[in-house]
Amino acid sequence: MTFVIQGEKMGNFGLRYQVFKEELIDNHGYEKVLEGLKNTILIAVVGLIIGIVIGIIIASIEVMPKYRILPKILNRLCHVYVAFFRGTPLVVQLLVGYYVLRPMMGLTINALDSCMLIYGLNSGAYVSEIMRGGINSVDPGQMEGGRAIGFKYSTTMFKIIIPQAVKNILPTLGNEFIALIKDTSIVSFVGALDLYVAFKYIGTNNYEFMVPYLAMALVYIVLVLFITLLIKLMERSLKKSDRSK
Amino acid sequence: MIEVNDLHKSFNKKIDVLKGITTTIHDGEKIAIIGPSGSGKSTFLRCLNCLDDPTGGQILYNGVDIANPKVDINFYRRKMSMVFQQFNLFNNKTVLDNIMLAPMYFGIKNRKATGKTRQQVKTEVRQKAYSLLEKIGLADKADAYPSQLSGGQKQRVAIIRALAMDPEVMLFDEPTSALDPEMVGEVLAVMKKLAASGMTMVIVTHEMGFAREVADRIMFIDDGIIMEEGTPKEIFDNPQCARLKDFLSKVL
Ligand SMILES: Nc1ncnc2c1ncn2[C@@H]1O[C@H](COP(=O)(O)OP(=O)(O)OP(=O)(O)O)[C@@H](O)[C@H]1O
Ligand SMILES: [Mg+2]
C-alpha cells in the first residue's frame, strides 16, 4: 500500500520501472537499444572521418595562395558549400538529402548509409573552419622551412603543416565528435534506427514513455562523458610525447 | 656560378625594397652581407632562391635564369639550401627525421635514375644523417624533438639539415641573431668548419668579427643596393662611403 502511494507521488515510477525492465530484458528490447547505440556511434564516427577528410581538403584550398584562377574558383565553391551546410538546419539537410537528392540521383543506399554520408558532408563544413584555424596557428616558418628544402607547397602542406595543425585542433575535433553524437538523435526523420527509435519502440508497446526516455537520456550522458574522458586521455598522452619523446 | 643582374624586388607593387642589385657569386666564395636593419639584406638572400619572387632582373644559376617562373625552382632550392634566423626545424619530426626528410623524399623519387632500392636510399641517408650529427656532437639527440633542444642545438641541426641535401651553395640569414650570447660560438664554429671545407656561402650577419675572419668578400647593402663591397680589409679598415663609415661606427 505504502509503495503505491509513494509510487503515485513520483508518477508511479516503481511500477513503470518494472514495465520498462520487462520490455528491455524479457522482451529483448535491449537488442534494439544495442543496435541503436551501434548506429549512433557509427554515424558519428564515419561522419567525423568523412568530415575530417572534407575539412582538410576545404581548409587546404582556403589557405592556398591565390595567384591562379583555379584556386580562386575552388575557393568560391568551398564558400558556397560551407555556407549551405552551416546555414541550414541539419534536419533539412537530412530530409533533402534522403527524400530529394537520393532518388533524383538514383542512389540506392539505405537510410543508415545516407545518414553517415550527410552527417559527414555537414561535419566537413564545420571541420574545415576548425582546420583552417589549426593551419593558421602553425608558425609560417614551417612552410618556409619546407619550401627551402625544395618541397612543393602541397608536399609541405601534407608532410609538415597539416600534421601539426591536426595536433593543435584535436581537442576541438573531440567537441565536434560529441556534437555529432548528439545530433544523431534526429536520424529517425529518415527512418534510421538510433537510440531514440530504440527507446521509443520499448515505450510504445505499453504506451509507457517515462522510464524509457529517462534511460535514453542516461545513455547519452554516459556516452558523452565516456568520450570526454577518452579525449582528455588522448590530450594528455600527446602532451607527454611533446615533452619526453 | 650565380650571376645576379639588376635584381629588383617590391612588395605589393609599392614598397621598393631592392633597387637593382648586380653581383656575381663565385664557386667556393664566402660572402658576408652587412647593413642596417630594413635595408633589404634578407630580401636579397630570399630572392636568390626565389623564396621571395624577384619583381625584376635575372638570377642566373650556372646560366639558367631561375627568376623565370617556368623553371623548376624546387630543384634549384635543393642546390641552394637556406638556414634561417628562427631555425624553422619541423616541430612534428625528430631531429633525425628533420635531417632525413628531404634526402629520403627525393632519393626515393629519383630512385629510377640512380638504380637504388627504397631500402638502399634509406640506409644511405640514415648513415649520412648520423655522421653529420656526430660531426656537430649531437648524435645522442637524434630521436629528440626540436622543442627539446636549446637554440644553439636547433641551429646546428638546421645547418646539417641544409647540408644533408648536398647543396652547392648555402644561404644564411642571421643564423646567430636569435641565440643567447653563450650559444653563438658553437654555431659559428660549425659555420667556420663548413667554410673551411670549401662550401660556397652567402651569410647575412651582424657578427662583424666572424665576417672579417671568414668572408672573402663583404657586401654592404643599404637602401636596396650594394653601396660598397670589397675584401674585409677594404671594408673594415678603409671604408669609402659615408653610410658605411656611419654604420661601422655604430656596430664596431
Ligand atoms: N613580405 C613583406 N611584405 C612587405 N614588406 C616587406 C616584406 N618583407 C620585407 N618587407 C620590407 O622590406 C624591407 C627590407 O626588409 P628585409 O627583411 O630585407 O631587411 P633586412 O635588411 O633583412 O633587415 P634586418 O636586419 O632587420 O633583418 C623592410 O622595410 C620590410 O618592412
Ligand atoms: Mg633580415
Side-chain angles (χ1 to χ4, degrees), chain A residues 52 56 59-60 63-72 130-173 234-245, chain B residues 42 45-46 48-53 69 72-95 97-107 109-110 142-148 154 157-158 160-167 170-173 178:
Chain A
I52 289 175
I56 288 181
S60 307
V63 298
M64 225 193 292
K66 294 182 184 60
Y67 306 125
R68 303 229 178 83
I69 190 82
L70 184 67
K72 277 185 193 159
I130 301 172
M131 197 67 214
R132 189 177 48 171
I135 290 175
N136 286 336
S137 74
V138 175
D139 168 19
Q142 298 286 306
M143 177 55 83
E144 300 224 309
R147 298 311 306 272
I149 59 171
F151 277 175
K152 285 187 294 196
Y153 175 85
S154 55
T155 313
T156 313
M157 207 65 199
F158 284 109
K159 283 188 178 290
I160 310 294
I161 311 292
I162 287 177
Q164 293 183 47
V166 169
K167 191 172 165 186
N168 291 347
I169 62 169
L170 222 55
T172 325
L173 279 183
M234 203 154 62
E235 267 178 63
R236 201 173 302 164
S237 80
L238 270 178
K239 279 212 188 94
K240 248 185 229 154
S241 78
D242 258 355
R243 245 180 289 134
S244 65
K245 246 173 87 181
Chain B
S42 298
L45 201 68
R46 295 163 57 84
L48 284 180
N49 69 352
C50 299
L51 221 47
D52 281 338
D53 278 316
D72 177 12
I73 190 63
N74 293 320
F75 174 78
Y76 288 97
R77 282 187 185 145
R78 300 202 287 282
K79 297 184 173 291
M80 287 189 270
S81 59
M82 187 163 209
V83 175
F84 299 88
Q85 184 174 355
Q86 298 297 339
F87 329 125
N88 294 350
L89 291 178
F90 304 129
N91 296 324
N92 59 328
K93 307 263 178 203
T94 61
V95 165
D97 287 340
N98 262 280
I99 301 166
M100 289 176 58
L101 190 64
M104 272 280 278
Y105 181 82
F106 294 106
K109 213 171 158 187
N110 301 331
D143 295 322
Y145 282 87
S147 61
Q148 298 162 293
K154 281 185 202 171
V157 171
I160 61 168
R161 175 178 77 179
L163 198 55
M165 298 187 297
D166 285 327
M170 287 181 79
L171 312 173
F172 296 83
D173 190 0

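By convention in this document, chain letters (A, B, ...) are assigned in the order of the sequence lines, proteins followed by strands, and residues within each chain are numbered from 1. Every value quoted in this text rests on a predicted model; they were computed, and no experiment measured them.
Per-residue counts of heavy-atom pairs under 4.5 Å with chain B were compared for Ile161(A), Thr155(A), Asp139(A); the largest is that of Thr155(A). Highest contact tally toward chain B, considering only Pro163(A), Gly146(A), Gly145(A), is held by Gly145(A) [criterion: heavy-atom pairs under 4.5 Å]. Most heavy-atom pairs under 4.5 Å with chain A: of the set Asn91(B), Thr94(B), Asn98(B), this distinction falls to Asn91(B).
Surrounding NZ of Lys152(A) are at most 12 heavy atoms belonging to other residues, nucleotides or ligands under 6.0 Å away.
Looking at Lys79(B), there are no atoms closer than 4.5 Å to chain A (heavy atoms on both sides), in backbone or side chain. Heavy atoms closer than 4.5 Å to chain A are found in both the backbone and the side chain of Phe90(B).
A pairwise comparison of heavy atoms in Arg78(B) and Ile149(A) identifies CG-O, 3.5 Å as the closest pair. Nearest approach of Leu89(B) to Gln142(A), heavy atoms of both residues: O-NE2, 2.7 Å. Among all heavy-atom pairs drawn from Gly150(A) and Phe106(B), the shortest one is O-CZ, 3.2 Å. Contact detail for Phe151(A) and Asn74(B): the closest heavy-atom pair is O-OD1, 3.5 Å.
Residues Lys159(A) and Tyr105(B) meet the side-chain proximity criterion, which asks for heavy atoms closer than 4.5 Å. Between Arg46(B) and Glu144(A), the closest side-chain pair of non-hydrogen atoms falls below 4.5 Å.
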